[in-house]
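Counting convention: from 1, in listed order, for ligands and their atoms alike. The figures that follow rest on heavy atoms only: side chains count, while hydrogens, waters and symmetry mates do not.
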Amino acid sequence: MALRLEGKSALVTGAGNGIGREIARRFAAEGAGVISVDLDAAGNARTAELIREAGGRCETLQGDVSAAADVQRVFHARRVDILVNNAAAWRGDGLLHQVSEEDWDYVLAGTLKSVYLCTRAALAGMMAQRGGVIVNISSVNGIAGVHLAAYTAAKGGVISLTRLLALQYGRYGIRVNAICPGTIMTESSRRHYDTRPEQEAELRALYPAGEFGTPADIAGCALYLASQEARFVNGATFVVDGGMTAGYRIASLLGPMETPPEEEA
Ligand SMILES: NC(=O)c1ccc[n+]([C@@H]2O[C@H](COP(=O)([O-])OP(=O)(O)OC[C@H]3O[C@@H](n4cnc5c(N)ncnc54)[C@H](O)[C@@H]3O)[C@@H](O)[C@H]2O)c1
């Protein structure tokens, strides 16, 4: 069977860890030449090592995708057929009246400005080659009030921008879609929850199957969106959250969801 991304060049931001690394690995396994961009040089090197061990191609670039000069350097003279805007930043308080201006600027820069800078840089080449795919990694925070005010605003912005870009650049053969992951167990989220078992149990109870997602769940969706199979999918937001947001607010008001007893299964 033909590889789904054969001959394509795919740039993945934040590919030095977590979801981005898994997307990079999956794309490389489908024949793409991957450009892994990350602040974390060691993480980048590990991603490249994993891809090369599996027989794939990977170039690594260390850089901050919220800094215009770094983005310019990263995209300079590189063909990019597929851009995955995956890197993001989060920190500070959840309640808006407690969010410092410094934290707001930091989160908006890392999560939304980075998407603007990388997309702007990629679009020039994609318009000239009359084709390209952009996959923006948003979050369930972008579609539902969960927590983290600045991050929520930025992730909502990513979804709105995705829709507009689909309309503005569709006639150049460029597709732009977003993915909203629910809780995904990456190495860094594992470290976070290992010290907070009660928080993990409460969160897990919001998931209909009682399970969090894995980076592979998001990589599979990103691969579909990047491939020709999704040629008619543009401006869409794919929620990949195991059903968590399907009735999130109501479920939390009414208590545990009524489900069929095991013997009926
Ligand atoms: N893990 C989850 O539960 C979850 C849920 C919803 C959405 N997301 C989204 O998925 C994406 C990936 O998250 P993750 O959980 O894999 O995170 P992670 O912390 O495991 O990896 C993020 C990577 O991005 C890099 N990065 C961050 N800011 C950068 C910048 N300015 N320039 C270059 N590299 C930068 C980091 O160095 C790191 O390697 C993010 O957009 C995040 O908001 C994650």
Side-chain angles (χ1 to χ4, degrees), residues 11-26 35-48 50 60-75 83-91 105-118 121 134-144 146-148 150-159 161-162 178-193 196 199-200 203-204 206-207 211-219 221-222 237-242 244-245 248:
L11 190 149
V12 184
T13 71
N17 288 285
I19 294 171
R21 170 180 287 162
E22 194 58 31
I23 292 173
R25 293 179 70 182
R26 194 77 199 274
I35 306 162
S36 171
V37 182
D38 208 296
L39 281 168
D40 175 0
N44 243 353
R46 180 70 187 136
T47 297
L50 289 166
T60 58
L61 293 168
Q62 189 185 11
D64 178 354
V65 290
S66 67
D70 280 17
V71 171
Q72 202 178 0
R73 174 175 54 82
V74 159
F75 281 85
L83 166 65
V84 183
N85 284 309
N86 167 76
W90 51 91
R91 86 171 173 210
D105 288 345
Y106 170 79
V107 172
L108 268 285
T111 304
L112 187 54
K113 185 181 177 188
S114 57
V115 175
Y116 150 66
L117 289 173
C118 292
I134 298 172
V135 179
N136 292 326
I137 307 300
S138 179
S139 168
V140 289
N141 290 66
I143 55 166
V146 184
H147 64 342
L148 300 175
Y151 180 73
T152 294
K155 289 297 193 184
V158 169
I159 294 171
L161 190 60
T162 297
I179 302 175
C180 293
T183 306
I184 302 298
M185 254 323 151
T186 60
E187 283 174 28
S188 60
S189 31
R190 185 65 277 154
R191 280 194 298 273
H192 175 88
Y193 290 115
R196 299 167 181 84
Q199 192 188 7
E200 179 177 345
L203 189 58
R204 200 178 281 279
L206 297 176
Y207 285 80
E211 298 270 352
F212 296 140
T214 66
D217 292 322
I218 306 306
C221 184
T237 300
F238 278 52
V239 179
V240 183
D241 72 345
M244 194 270 275
T245 52
Y248 168 65

**Item:** Ile184 N/O to ligand 1 N/O under 3.5 Å
**Value:** yes
**Request:** Decide whether the shortest distance between a heavy atom of Ala67 and an atom of ligand 1 is less than 4.0 Å.
**Result:** no
**Asked** Listed by chain and number, what are the salt bridge (Lys or Arg N to Asp or Glu O under 4.0 Å) partners of Arg91, not counting sequence neighbours?
**Response** Glu102, Asp103
**Message:** Quick check: Gly20 and ligand 1, any N/O pair under 3.5 Å apart?
**Reply:** no
**Asked** Counting each atom of ligand 1 from 1 as listed, which ones have a heavy atom of Gly18 under 4.0 Å away?
**Response** 16 (O), 20 (O)
**Request:** Please state whether Met185 comes within less than 4.0 angstrom of ligand 1, counting heavy atoms only.
**Result:** no
**Request:** Enumerate the atoms of ligand 1 whose separation from the nearest heavy atom of Gly63 is less than 4.0 angstrom.
**Result:** 32 (N), 33 (C)
**Complete:** What one should report as the nearest heavy-atom pair of Ala68 and Leu117 is N-CD1, 3.7 Å
**Prompt:** With a cut-off of 4.0 Å, which atoms of ligand 1 are near a heavy atom of Ala88?
**Reply:** 27 (C), 28 (N), 40 (C), 41 (O), 43 (O)
**Atoms of ligand 1, numbered as shown, that sit under 4.0 Å from any heavy atom of Asn17** = 20 (O), 21 (O), 38 (C), 39 (O)
**Heavy-atom proximity to atom 39 (O) of ligand 1, best of Asp40, Asp38, Val37, Ile218** = Asp38
**Item:** Check: Thr186 side chain, Ser189 main-chain N or O, donor-acceptor pair, under 3.5 Å
**Value:** yes
**Prompt:** Will you find, in the side chains of Thr47 and Asn44, an N or O donor that is under 3.5 Å from an N or O acceptor?
**Reply:** no
**Asked** Is ligand 1 under 4.0 Å from a heavy atom in the side chain of Tyr151, in the backbone, in both, or in neither?
**Response** side chain
**Message:** With heavy-atom distances below 4.0 Å as the criterion, list the atoms of ligand 1 near Asn86.
**Reply:** 10 (O), 11 (C), 12 (C), 40 (C), 41 (O)
**Request:** For atom 16 (O) of ligand 1, find the nearest protein heavy atom and state the residue, atom name and distance (0.1 Å precision).
**Result:** Ile19 N, 2.8 Å
**Message:** Closer than 4.0 Å to some heavy atom of Thr183 - which atoms of ligand 1 meet that?
**Reply:** 3 (O)
**Message:** Closer than 4.0 Å to some heavy atom of Asp64 - which atoms of ligand 1 meet that?
**Reply:** 30 (C), 31 (N), 32 (N)
**Complete:** To atom 4 (C) of ligand 1, the nearest of Ser138, Ala109, Gly182, Pro215 on a heavy-atom basis is Gly182
**Prompt:** Counting from 1, what ligand 1 atoms have a heavy atom of Ser188 closer than 4.0 Å?
**Reply:** 18 (P), 19 (O), 20 (O)
